Amino acid sequence: MIAVTAALVGFFAFVIMRVTTPQMTTLFTDLSVEDSSGIIKDLERQGIQFELRNEGTIIMVPKDKVTRLRMKLAEGGLPKGGGVGYEVFDKSDALGTTSFVQNINHLRALEGELARTIRAIDRIQAARVHLVLPERPLFSREAPEPSASIVVRVRGALEAQQIRAIRHLVASAVNGLKPQRVSIVDEAGQLLADGAQTDPDQQIGDERRTAFEKRMRKQVEDIVSSVVGSGRARVQLSADFDFNKVTQTSDKFDPEGRVLRSSQTREEQSMTADNNGQVTVNNELPGNQQNSGQTAKDQSKKTEETNNYEISRTTKTEVTEAGRVNRISVAVLVDGIYSKNEKGEQAYQDRTKEQLDRIATLVRSAIGFDQKRGDQVEVVNLRFADAPSTAPISEPSGFLSMLQFTKDDVMYFVELGMMMLLGLVVLFMVIRPLVKRILASDEVAAAISGVLTGPAASDEAPASGQPLLPSGAPSAIDVATIQGQVHAQSVHRVGELAERNPNETVAIIRQWLTEPAK
């Protein structure tokens, strides 16, 4: 009985403690050893109950204190994120520190700050950054380029735009680092970005085309779904881009647009005499007077005019950037119309050609249709494999809205139900049989004692003083031998109790046999 009582007390104490224990929830996950140690010290100082899981990387606290504890720990700078930032210089003694140690601390701080910034991006759980900042060798004209490698642990998968953002973020934070020199690897060892890539134009073009197709597809789906219903239209869009950059320069001259720039006029006049070709001394003497009647003179006059005109000139330079849309092709699949017939069954009906033409007109307007460019739009009506559900989804309201339990609440109620069920099982399967057995033993002992200690038993007791115990079936008991002092009903009851509890009967008889005679 002592062992059973102790077990019951321990069981019900466990149930009470389990029920009264506050519901625990996650405070932080993926903690480093330093952050976990600092948070545990702060919780112990505040006297708050906590649990450690997954080798200390997860800390559980009461659910009603999570928000306050996170704000309190954030005030103290916890968690730090498992990396060393610029706070490494807060406690360092600059006096006596070598330049090598200072450079190493600066590199550690830069890597830690970049890792913290990368972890702030959505879908990234943890990040680690390694920077290589080589020094320029002596007597070298070319300095080696820096590089970086990043290891990230993500939830799901990163988009191409997010990977490019991480590369440019790191490259902008490190002097002289180019985005092409940053390599990114995930926790599964998959290469997300190649640090040896030298031509990122193709990747940028693919991302631009994908973003354009996604945006245009969403616009078409929104406008078509508003007509045919949500989930009853499928849109596929393909865009052909030209990523060649073209620069064209042209000069145009206008012959009609003349403007006089400068004008120059030149006149020349000359006179010569004819001496018939005679050369004499008299003709060469100065002051010689020749016979005017015999001399013939030749006169000439020359006028020259030069005009300079400017002709109108137009110089035009055109630069066509990469990423021109050459062609857009759109395929739209719409479902038909569902209605109920006379029998109440769901019937399908195709859409008319007029409705399809209107939908096609809306699609052309949404994508900026250009026939010269060769765009194509096809709208087809086919029956979908799964018919839409006509039953409306009713939202709970009133009292039912209060029964919207979370997963934690459901698990808590299930745990309480299991504890109550286990308590009832112990009560009816262990305690109740024990109590009935104890009460039955006391009843058997009292009945046998009343039978054997009566007047008849004392008169016919043997000389040895030992009590008389009736044996056999109740029919074998001679009622006359006990001289009417014991009724047949009592004897019959004692016999039944003895048959049902033979062990207790034998124990009582043995106890009486060991007692001294009175």
Side-chain angles (χ1 to χ4, degrees), residues 14 16-93 101 104-131 148-156 158 162 166 169-170 173 184-188 405-416:
F14 170 75
I16 294 172
M17 291 179 61
R18 187 63 180 173
V19 172
T20 57
T21 300
Q23 188 177 2
M24 308 296 285
T25 187
T26 304
L27 179 63
F28 292 111
T29 59
D30 297 327
L31 294 173
S32 62
V33 179
E34 295 80 5
D35 290 340
S36 181
S37 176
I39 293 174
I40 290 174
K41 289 181 180 179
D42 195 280
L43 295 177
E44 290 177 348
R45 181 178 55 83
Q46 299 182 27
I48 297 176
Q49 184 181 0
F50 64 90
E51 296 180 3
L52 296 178
R53 296 183 181 179
N54 196 14
E55 298 181 357
T57 58
I58 301 177
I59 298 180
M60 310 286 290
V61 295
K63 186 176 181 180
D64 56 345
K65 300 180 180 180
V66 172
T67 304
R68 185 178 63 85
L69 285 176
R70 286 177 179 173
M71 291 188 295
K72 187 70 176 178
L73 293 173
E75 183 181 357
L78 292 175
K80 297 180 180 179
V84 179
Y86 285 114
E87 66 273 7
V88 70
F89 297 103
D90 296 340
K91 300 180 181 180
S92 61
D93 188 6
V101 176
I104 293 297
N105 289 337
H106 178 264
L107 183 62
R108 292 176 57 196
L110 186 58
E111 291 176 348
E113 292 295 335
L114 287 174
R116 293 176 183 177
T117 305
I118 294 174
R119 280 195 299 270
I121 301 176
D122 190 19
R123 296 184 183 180
I124 295 182
Q125 293 181 340
R128 189 166 183 177
V129 180
H130 299 277
L131 298 177
S149 58
I150 305 173
V151 180
V152 295
R153 183 166 68 248
V154 298
R155 295 185 296 267
L158 291 178
Q162 291 177 322
I166 294 175
L169 173 67
V170 176
I184 303 176
V185 183
D186 62 0
E187 73 279 6
F405 300 111
T406 61
K407 181 180 178 181
D408 296 336
D409 297 334
V410 173
M411 295 302 297
Y412 182 68
F413 290 140
V414 170
E415 187 177 0
L416 289 180

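Count residues from 1 along the sequence. All values reported here derive from a predicted model rather than from experimental measurement.
Counting heavy atoms of neighbouring residues, nucleotides and ligands inside a 6.0 Å radius, atom CD of E75 does not exceed 12 of them. Within 6.0 Å of CZ in R153 there are more than 12 heavy atoms belonging to other residues, nucleotides or ligands. Within 6.0 Å of CZ on R53 lie no more than 12 heavy atoms contributed by other residues, nucleotides or ligands. For H106, the NE2 atom is loosely surrounded, since the number of other residues' heavy atoms within 6.0 Å does not exceed 12.
A distance-only check finds a donor-acceptor pair linking the side chain of R70 to the backbone of L27 [under 3.5 Å]. Checking side-chain atoms of E111 against main-chain N and O of R128 turns up no donor-acceptor pair under 3.5 Å.
Here the straight-line distance linking atom CG of L158 with atom CG of D186 works out to 8.0 Å at 0.5 Å rounding. For the atom pair S36 OG and I58 CD1, the distance stands at 10.5 Å (nearest 0.5 Å). Note that CG of D35 is 9.0 Å distant from CZ of F28, once rounded to the nearest 0.5 Å. With values rounded to the nearest 0.5 angstrom, E44 atom CD is found 4.5 Å from F50 atom CZ. Atom-to-atom distance recorded for I39:CD1 and L73:CG is 5.5 Å, nearest 0.5 angstrom. How far NE2 of H130 is from CG of L107: 10.5 Å, rounded to the nearest 0.5 Å.
Heavy atoms only, all atoms of each residue included: V66 and T26 are closest at CG1-O, 4.2 Å. Taking all atoms of both residues into account, the shortest heavy-atom contact from D122 to Q162 is O-NE2, 4.0 Å. Across all non-hydrogen atoms, the minimal contact from V129 to L131 is CG1-CD2, 4.0 Å. Closest of all the heavy-atom pairs between E51 and M24 is OE2-CG, 3.8 Å. Pairing each heavy atom of Q49 with each of P62, the nearest pair is O-CD, 3.2 Å. Among all heavy-atom pairs drawn from A127 and I118, the shortest one is CB-CG2, 3.8 Å.
For D64, there are no side-chain hydrogen bond (donor to acceptor under 3.5 Å, both in side chains) partners, not counting sequence neighbours. Under the rule for a side-chain hydrogen bond (donor to acceptor under 3.5 Å, both in side chains), the partners of Q46 that lie at least two apart in sequence or sit in another chain are D42.
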Quiz item: Hey, mind stepping through V170 and T117 against side-chain contact (heavy atoms from CB on, under 4.5 Å) and telling me if it holds?
Solution: CA-CA 10 Å; V170 176; T117 305; over 6 Å; no
Exercise. Please step through salt bridge (Lys or Arg N to Asp or Glu O under 4.0 Å) for the pair R116 and E113, ending with a clear verdict.
Key: CA-CA 5 Å; R116 293 176 183 177; E113 292 295 335; 3.5 Å; yes
